[in-house]
Amino acid sequence: MTKELVGIIGGSGLGDALAEQIKDVQIKKISTPFGKPSNDIMVGTFGKRKIAFINRHGRGHKFGPSEVPFAANIFALKKIGVRTIISTCAVGSLREEIKPAELVVVDQIIDKTYKRQNSFFAGFGAVHCEMSEPVCGRLSGLIVKAGRNIGVKVHPKGTYVCMEGPQFSTRAESLMHKGWGGDLIGMTAMPEAKLAREAQICYALIALVSDFDCWRGKRAMDKQTLLREIIGNLNTASQNCMELVRHVLVRHRRNEEIADSGCGCRKSLQLAVWIKEEQIKKAVKKRLGVLFE
Ligand SMILES: [Zn+2]
């Protein structure tokens, strides 16, 4: 049986670092009905497993969070055969116990974004995917398990508040996000997780903690020192995250547990398409055919 490609999405911090670690790289230029992805996709070997890597913010951090072509990225990964995505992103911590440079396997997301294309199905008809568990619990579980062996603090769950940005929160907003039950604040988990669900892909998200969000008040420190500290935390978290992803992939280099075709995420459209079959325009269905595979 051919092993499935595992998709990796690199966010702030991890993107460039991971790209350098991939071996036997082939560059794939993929076109989609939603435009070009952030980057050409790098297909190669990492952690003894074939992966397809995409740098979310593009080369040289070209796309801010509101400009990332999320739909093209997810569609392109699905088109080249990805059914499992491990995504990564930088976040601020909303909790004393989640410290800078640590990792969190996100289990819940609150979506506050409002400027982004959050569905593939505009113009198609009514499609309502189940989102009560916004990430794949099975895949997240494999990551949490692997995280016990890397000697780094990996929090097994956390609620990620996804804001539009690009500015960071005001203190009042930061306190509100805490009050909502948020553990982390970031700008990129959504609509990525929603689109992965619509594409019937198993999706897990590892958050890299760069610093505490402003609820905590900043320590008396000049801005340059603070910035250096944040970059340092992100670099440490990136190295740890790379180690974690490598562990997951090495552990699952042979068996297909990571690519379990029976996982519910891979049937997410089964009951989600409310539009009657006869109402769906043939050309539109053909254009989006990849999502239904
Ligand atoms: Zn799944």
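Whatever order the structure lists ligands and atoms in, that order sets their numbers, starting from 1.
- Distance check, rounded to the nearest 0.5 Å: CG of Asp213 to CZ of Phe168 gives 8.5 Å.
- Taking the side chain to side chain donor-acceptor pair (under 3.5 Å) definition, one finds that Ser210 meets it with nothing, sequence neighbours left out.
- Remark: the backbone N or O of Glu243 is not paired with any side-chain donor or acceptor of Arg246 at under 3.5 angstrom.
- Annotation: Phe120 is in aromatic contact with Phe34 [ring centroid separation under 6.0 Å].
- Within the protein, the N, O or S atoms lying under 2.8 Å from the Zn ion (ligand 1) are Cys136 SG, Cys202 SG, Cys263 SG, Cys265 SG.
- Judged purely by atom type and a 3.5 angstrom limit, Glu164 uses its side chain to pair as donor or acceptor with the backbone of Tyr114.
- Between the side chain of Arg197 and the backbone N or O of Cys202 there is no donor-acceptor pair closer than 3.5 Å.
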